[in-house]
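Below is one structure, written out as structure tokens; comments come after it.
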Protein chains: 2
Amino acid sequence: MLENGPRDQTQNQDQDQDQDHDHDHDHDHDHESFTIPLLSHQQRSFNSTSQVAIVGANLCPIESLDYEIAENDFFKQDWRTRGMIQNFQYIFMKWLLCFLIGVLVSLVGFCNNLAVENIAGVKFVITSNMMFAGRYGMAFLVFSLSNLVLTLLAAFITAFIAPAAAGSGIPEVKAYLNGVDAPGIFSLRTLIVKIVGSISAVSSSLLVGKAGPMVHTGACVASLLGQGGSRRYGLTWKWLRFFKNDRDRRDLVTCGSAAGIAAAFRAPVGGVLFALEEMASWWRSALLWRAFFTTAVVAIVLRALIDVCLSGKCGLFGKGGLIMFDVYSANASYHIADVPPVLVLGVIGGILGSLYNFLLDRILRVYNLINEKGSAYKIFIACTISIFTSCLLFGLPWFASCQPCPLHASEACPTIGRSGNYKKFQCPPGHYNDLASLIFNTNDDAIRNLFSMNTDSEFQHSTMLIFFVTCFILSIVSYGIVAPAGLFVPVIVTGASYGRFVGMLLGSHTNLNHGLYAVLGAASFLGGSMRMTVSLCVMILELTNNLLLLPLIMMVLLISKTVADAFNSGIYDLIMKAKGFPYLEAHAEPYMRQLTVADVVSGPLQLFHGIEKVSNIVHILKTTRHHGFPVIDEPPHSESPILCGLILRAHLIALLKKRAFLCAPMRIGVDAFRHFSSDDFAKKGLGNVVKIEDIELTDDEMEMFLDLHPFTNASPYTVVETMSLPKALILFREIGLRHLLVIPKISKRAPVVGILTRHDFMPEHILGLHPFLIRSRWKRLRFQLPRSLKLF
Amino acid sequence: MLENGPRDQTQNQDQDQDQDHDHDHDHDHDHESFTIPLLSHQQRSFNSTSQVAIVGANLCPIESLDYEIAENDFFKQDWRTRGMIQNFQYIFMKWLLCFLIGVLVSLVGFCNNLAVENIAGVKFVITSNMMFAGRYGMAFLVFSLSNLVLTLLAAFITAFIAPAAAGSGIPEVKAYLNGVDAPGIFSLRTLIVKIVGSISAVSSSLLVGKAGPMVHTGACVASLLGQGGSRRYGLTWKWLRFFKNDRDRRDLVTCGSAAGIAAAFRAPVGGVLFALEEMASWWRSALLWRAFFTTAVVAIVLRALIDVCLSGKCGLFGKGGLIMFDVYSANASYHIADVPPVLVLGVIGGILGSLYNFLLDRILRVYNLINEKGSAYKIFIACTISIFTSCLLFGLPWFASCQPCPLHASEACPTIGRSGNYKKFQCPPGHYNDLASLIFNTNDDAIRNLFSMNTDSEFQHSTMLIFFVTCFILSIVSYGIVAPAGLFVPVIVTGASYGRFVGMLLGSHTNLNHGLYAVLGAASFLGGSMRMTVSLCVMILELTNNLLLLPLIMMVLLISKTVADAFNSGIYDLIMKAKGFPYLEAHAEPYMRQLTVADVVSGPLQLFHGIEKVSNIVHILKTTRHHGFPVIDEPPHSESPILCGLILRAHLIALLKKRAFLCAPMRIGVDAFRHFSSDDFAKKGLGNVVKIEDIELTDDEMEMFLDLHPFTNASPYTVVETMSLPKALILFREIGLRHLLVIPKISKRAPVVGILTRHDFMPEHILGLHPFLIRSRWKRLRFQLPRSLKLF
């Protein structure tokens with residue numbers, strides 16, 4: 001009943017990918033001029049595996065799409081028929097969908113945690129019991145085999161069912177919100193593989209996180225809800241199929257990614273800020289409110305579910321199920337003397353974070369070279385990493401010496417069960433193995449042990465150093481395997497061990513306890529690697545529940561981000577670049593100031609006339625892949641050549657499909673509104689895009705005419721050819737455009753000289769056209785790494 | 001030495017007001033068409049007191065101003081000479097200024113608190129001692145006289161020295177960041193009056209807050225630093241006079257307001273989010289980072305200063321000096337059964353909040369009618385309110401019955417000193433007066449008492465009800481007096497008493513203690529009145545230091561905002577509207593969809609030719625108040641009429657002042673760059689704007705010519721006249737434009753048909769031109785109040 005809802009007609013802005021179907025893996029982009037001339041061979045080959053297809057660039061245009069649509073006569077007429085009730089229906093549906101996203105994402109997040117805690121928990125309990133009985137060989141066998149089986153499960157489903165589910169998913173969602181659509185990232189298949197794969201990968205003791213996959217899961221849920229389910233599997237609900245335009249869908253995806261972080265870390269405010277600071281390319285206050293609502297729903301549902309679990313009905317799901325490292329301590333006081341060591345911690349954390357980014361980027365490129373050779377190689381890498389990890393986790397604690405239990409430990413020592421600060425491992429009764437407490441444990445428990453207070457004498461220096469190095473290496477090699485894998489938790493573990501190590505080195509020279517140093521170390525490593533500020537700060541606060549630390553955490557984050565920015569860019573930007581996504585930055589590069597718009601317009605311009613022959617239209621649509629075409633009127637139809645506007649490929653195809661042709665080149669008037677309904681131009685659901693090749697016309701029809709005037713956007717955004725490139729880029733980016741027409745300075749010439757799309761603003765394209773700019777190019781002062789490292 | 005810094009040439013975008021000098025109080029706006037046709041008589045008269053002068057609309061253009069400047073030949077040439085070092089100097093100065101803002105604002109905030117705590121503290125200690133000795137009459141005399149003197153001080157300096165310092169200041173700063181410049185809001189005079197006035201007003205037991213004035217103070221500090229001090233008082237530093245363009249100044253002001261909230265509430269993250277959500281009209285991630293840095297500095301400095309005070313060197317400045325109501329309690333648990341009462345709390349809080357907004361708005365209008373009659377009336381109102389407040393505060397506790405002290409009170413009972421839960425007032429030994437504990441106290445202490453845990457049996461129902469009603473009334477009547485007065489603290493006190501009252505009514509039907517209900521009540525009242533979400537949520541968390549409450553607080557905020565939005569808009573929007581600020585909203589009203597750009601372009605268009613006679617320029621500059629003019633070339637200078645671009649009034653005046661005239665109408669080329677330096681076109685510091693009337697030219701000179709081409713922005717943003725109004729508004733608002741040229745659809749006619757400024761987008765202007773739209777106008781479904789209330 002809502003099928004023909006009030007926003008149906010807002011859907012003509014963008015052509016979407018068939019996300020449920022397999023794509024033809026051509027680059028399906030706006031403009032032929034899309035090239036990535038500066039990519040190295042490695043990058044190119046990486047691209048070919050990630051199969052980016054660029055869809056509309058005019059996506060998520062904050063306030064604009066809403067009105068943009070009303071710009072051709074047909075839609076203007078249609079819009080006037082809309083009523084107030086339909087508008088309220090629309091608003092109600094938006095909130096309802098946000099509510100549903102919140103509920104679903106929190107349920108997924110909870111089940112995710114429940115499954116991980118129970119699977120990993122059973123594994124550790126069985127292994128510990130075997131070790132308690134002295135059957136060490138058997139314990140190793142069970143441990144490594146169960147890890148291998150779980151990793152294989154994750155790798156298999158990812159490699160063969162939904163390759164788009166590999167990795168964190170945050171770069172893909174971020175690129176989508178910027179307007180770059182990687183194929184299949186929001187399909188139902190990807191969603192299911194992401195959830196199952198994430199559970200098994202995390203349970204298999206790989207050093208991978210669950211926050212990134214949760215963000216991707218949240219975005220998937222939002223996208224599927226927004227398009228009314230998955231058509232491929234017949235799971236569609238008519239009443240949900242309400243938002244078929246890109247703007248609404250992107251709003252929902254933004255809320256979904258906020259909900260993902262909220263569910264992963266139980267950090268609702270942090271989730272909103274994460275979506276605001278890191279994910280969204282366009283933002284407005286209405287979206288802030290809606291994202292806040294979504295994460296509030298997540299927080300309330302999670303709170304209720306945890307209430308259920310606190311009564312002990314969730315198996316091994318203990319207090320630590322959903323990450324929340326409560327380090328509150330009334331005496332968390334610090335003085336001016338504590339500031340210098342914290343500064344140093346931040347500086348080194350920033351350096352380590354940028355080093356981490358650099359190494360991860362390189363390893364990813366190497367992996368992709370191997371992965372290209374086939375799925376067998378992907379599975380092989382995953383198995384290798386799993387076995388390597390199992391060996392390290394089980395082997396390293398043997399090198400740590402057993403410690404006698406403290407006399408007045410607050411918990412049982414040694415801990416026989418699953419979690420706790422004092423793992424027995426191979427030690428005699430009354431002793432514990434401090435390295436095993438960290439390494440032979442789930443990541444959440446390791447973080448909790450590192451953050452714990454009043455345990456300053458528990459860990460040895462060597463233990464902490466070994467743990468830090470192990471985590472650093474494992475987190476770098478684990479991310480690239482073909483399985484859902486987040487980066488947050490590995491970075492937090494590594495940073496926390498680094499921070500705690502620094503705290504131990506300082507010893508009695510500081511008032512802060514080692515748990516606080518671990519928190520600050522995690523903050524510095526997060527800042528150095530992910531380069532967020534406010535959102536990380538709030539997330540850490542929500543994780544640790546200690547507001548008194550706020551000034552120190554802010555300081556550390558600022559320093560580590562500043563230091564790390566001197567070397568390279570944030571981890572998600574690096575991954576996006578490596579994947580070849582044409583991400584449109586909000587700011588212009590300095591070298592662009594030397595160019596005008598005319599300098600970057602390229603390729604022959606394909607024009608239509610206001611009244612055009614059908615065969616011409618078919619020919620141009622078949623021979624180009626442009627998504628928008630300027631329409632002009634020339635004498636004798638007008639006194640002088642004038643620009644009528646812009647027509648979209650999708651609308652031309654709709655017109656051709658409707659076969660409402662004219663026998664003679666003449667104008668139609670209000671007739672247009674009788675022949676067509678707004679549904680004909682509605683943005684098609686995924687999997688329904690009509691291609692020009694699918695339309696077959698007779699020779700007679702080919703000789704007929706179409707009046708394009710009523711379907712042309714009569715007031716597209718235009719810029720004059722002498723405008724400087726940065727100014728045009730700002731217009732393009734701020735308004736969220738997809739096509740920008742370039743008009744001549746002197747009106748005597750043709751009324752339009754070119755059309756700009758996203759690809760014309762890509763540095764690769766510009767520097768390809770104007771190679772002389774490369775030497776005058778400077779982006780940011782960055783320390784360059786020695787050449788030897790570059791070759792690696 | 002930095003005088004001619006790299007950004008000097010970015011300053012031609014906007015003409016600024018002389019903020020230190022008294023203005024001529026005409027409406028000094030861009031465009032004559034500025035009218036407020038829909039304002040009632042009351043509004044008009046209110047406007048005339050607030051003396052709004054509208055300056056540039058092209059302010060704070062996120063990424064655009066940076067490049068916009070390079071658009072005329074002269075600046076293009078100049079820009080190329082800039083070096084990398086100057087760019088780094090610029091970046092360094094930006095961070096240095098943020099650091100200075102942070103340090104200064106935190107110092108001001110600290111001194112503010114120190115002064116208030118000590119002045120109000122001494123007052124209460126003396127009064128309490130007198131009452132202890134039974135000298136009740138004397139106590140009342142001292143109490144009310146000291147209040148009166150303090151109020152008079154605040155009122156006098158505000159009325160006679162800096163009227164712009166009255167009120168909260170948040171609406172003014174918010175309007176400034178949107179591009180509306182109220183005169184004098186950022187002068188040194190205003191800053192000093194604001195600080196002193198706020199201290200004395202808060203100390204005088206008026207129910208006014210200090211957060212709003214702190215935001216204004218922060219913005220003032222930022223603005224003064226950004227312009228290098230106050231020229232009027234000779235307090236300028238050359239090395240600071242680095243940022244003379246609007247964009248940088250607005251960035252600093254945004255950081256300053258974030259620092260204000262951070263210093264007022266010790267809530268650094270809340271401050272950043274407040275600036276983001278409520279204050280800034282344009283936002284970008286670089287600004288997020290810089291605001292975060294500023295508030296981090298505030299947090300660290302405050303932390304250090306409090307460290308000093310904890311050793312007891314700050315007089316009566318106790319733990320409560322800087323608001324921080326630590327309600328942490330390990331057993332802050334709640335269950336599903338607690339949700340329904342909290343929902344009801346949110347709904348009623350929303351209704352109360354919107355009622356509060358409505359009443360405050362009305363009272364403000366009444367006050368302004370009285371205030372118009374002269375300063376004596378203003379002072380009279382202030383005195384009346386002060387005496388009224390004193391009587392209530394001293395009188396009401398007599399109606400409360402004395403309570404016996406609890407047996408195991410955690411603190412002394414009755415409290416003899418200043419703060420504490422158990423005030424003795426007139427009660428016999430061993431008893432306390434619960435109403436006096438709330439009402440005969442500073443606001444901060446009252447809030448702390450309301451938020452306190454494990455005091456469920458301390459207050460009586462009648463006490464809480466009386467306190468709530470008193471606060472509600474006092475906070476409404478106190479805001480409008482001629483003194484610095486914030487709204488945050490009054491709203492929090494009122495909301496907390498409302499929430500605690502609800503908690504007491506529920507009694508044993510709920511697991512939550514009354515302190516938590518007070519926190520939730522404050523949240524609901526804040527949400528209902530101020531209509532923020534994320535920032536309020538974080539502020540409350542930072543104030544109460546209890547993250548476990550998060551889901552409930554989020555829920556309450558969402559509900560109360562939703563409910564209140566059904567009635568009216570947020571309090572700051574109402575105040576801005578009452579003051580007549582032409583605030584440019586980010587979204588278009590639905591009725592605008594029926595209009596095109598051509599429908600709102602008004603007035604005769606003033607054009608210049610590429611080569612123009614001096615007398616023509618002088619005439620047009622003298623007879624209009626436009627800030628920008630289109631420049632066209634016509635035959636014989638070109639083949640057909642073409643649009644050269646846009647020239648700014650400021651640049652024309654600079655050209656006239658330089659007297660580089662040509663004897664014949666011919667083009668100059670590179671000569672332009674020899675005659676002028678970028679300093680000639682630099683944005684003048686406040687108080688230095690040259691007026692056309694100041695330039696005297698001889699008759700000979702009047703007959704000469706000027707070649708405007710090199711000084712014309714050759715690629716202004718343009719829209720075609722058939723573009724729909726919302727689409728043009730989005731362009732105007734998103735890019736942060738000041739002038740938008742309208743070009744004709746058919747190029748045969750004149751190359752430009754009009755120019756759009758901020759005022760052309762104001763609903764009042766549009767509805768004035770097209771009155772038929774009023775009936776088809778609907779903005780939002782809002783419940784209308786009965787007519788009788790409207791007349792009030």
Side-chain angles (χ1 to χ4, degrees), chain A residues 62-64 67-68 70-71 79 84 268-269 272 277 283-285 288-289 292-293 296 299-300 303-304 307 328 335-336 533-534 537-538 541-542 545 547 550-551 554-555 558 586-588 593 639-640 642 714-715 717-720 722-724 726-727 730-731 734-735 745-748 751 778, chain B residues 62-64 67-68 70-71 79 84 268-269 272 277 283-285 288-289 292-293 296 299-300 303-304 307 328 335-336 533-534 537-538 541-542 545 547 550-551 554-555 558 586-588 593 639-640 642 714-715 717-720 722-724 726-727 730-731 734-735 745-748 751 778:
Chain A
I62 298 305
E63 300 287 305
S64 73
Y67 307 107
E68 184 107 61
E71 289 300 291
W79 189 85
M84 213 155 157
V269 179
V272 174
E277 189 176 357
W283 192 264
R284 64 216 153 88
S285 59
L288 187 74
W289 193 19
F292 187 74
F293 171 73
I300 292 164
R303 190 67 186 65
D307 245 24
Y328 184 87
H335 302 285
I336 218 80
T533 50
V534 185
C537 182
V538 173
L541 286 182
E542 291 188 290
N545 195 19
L547 276 160
L550 187 55
M554 291 177 93
M555 198 163 68
L558 277 168
H587 59 272
R593 299 200 195 188
E639 285 178 45
S640 61
I642 63 164
S715 49
Y717 288 105
T718 57
V719 292
V720 68
T722 56
M723 185 180 277
S724 73
K727 202 168 161 182
I730 286 153
L731 173 65
E734 292 292 327
I735 312 283
K745 182 80 183 170
I746 313 292
S747 53
K748 266 298 179 65
W778 57 270
Chain B
I62 299 306
E63 300 288 305
S64 73
Y67 307 105
E68 185 106 61
E71 288 300 292
W79 189 85
M84 214 156 156
V269 179
V272 174
E277 189 176 356
W283 192 264
R284 64 216 152 89
S285 60
L288 186 74
W289 193 20
F292 187 74
F293 171 72
I300 292 163
R303 189 67 186 64
D307 245 23
Y328 184 88
H335 302 284
I336 219 79
T533 51
V534 184
C537 183
V538 173
L541 287 183
E542 290 187 291
N545 194 19
L547 275 159
L550 187 55
M554 291 177 93
M555 197 163 69
L558 277 169
H587 58 273
R593 299 201 195 188
E639 286 178 44
S640 60
I642 62 165
S715 49
Y717 288 106
T718 58
V719 293
V720 68
T722 55
M723 186 181 275
S724 73
K727 203 169 161 181
I730 287 154
L731 173 64
E734 292 292 327
I735 312 283
K745 182 79 183 170
I746 313 291
S747 52
K748 266 297 179 67
W778 56 269

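A, B, ... follow the sequence lines: proteins, then strands. Residue 1 opens every chain.
- When the side-chain contact (heavy atoms from CB on, under 4.5 Å) test is applied to A:Ile300, the partners found at least two apart in sequence or on another chain are B:Pro551, B:Met555.
- Here the CZ-CG distance, from B:Phe293 to A:Leu558, works out to 7.0 Å after rounding to the nearest 0.5 Å.
- Within the 4.5 angstrom heavy-atom criterion, atoms from both the backbone and the side chain of A:Val534 approach chain B.
- Distance check, rounded to the nearest 0.5 Å: CD1 of B:Ile735 to NZ of A:Lys727 gives 10.0 Å.
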Exercise for the section: List the steps, then state whether side chain to side chain contact (heavy atoms under 4.5 Å, CB included) holds for B:Thr718 with A:Val720. Expected result: CA-CA 9 Å; B:Thr718 58; A:Val720 68; over 6 Å; no
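- Without hydrogens or angle criteria, A:Lys745 side chain to B:Ile642 main chain gives no donor-acceptor distance under 3.5 Å.
- Once rounded to the nearest 0.5 Å, the distance linking CD of B:Glu542 with CG of A:Leu541 reads 7.5 Å.
- Closest of all the heavy-atom pairs between A:Ala299 and B:Met554 is CB-SD, 4.4 Å.
- What you find for A:Pro268 and B:Leu550 is that their closest heavy atoms are CG-CD2, 3.3 Å.
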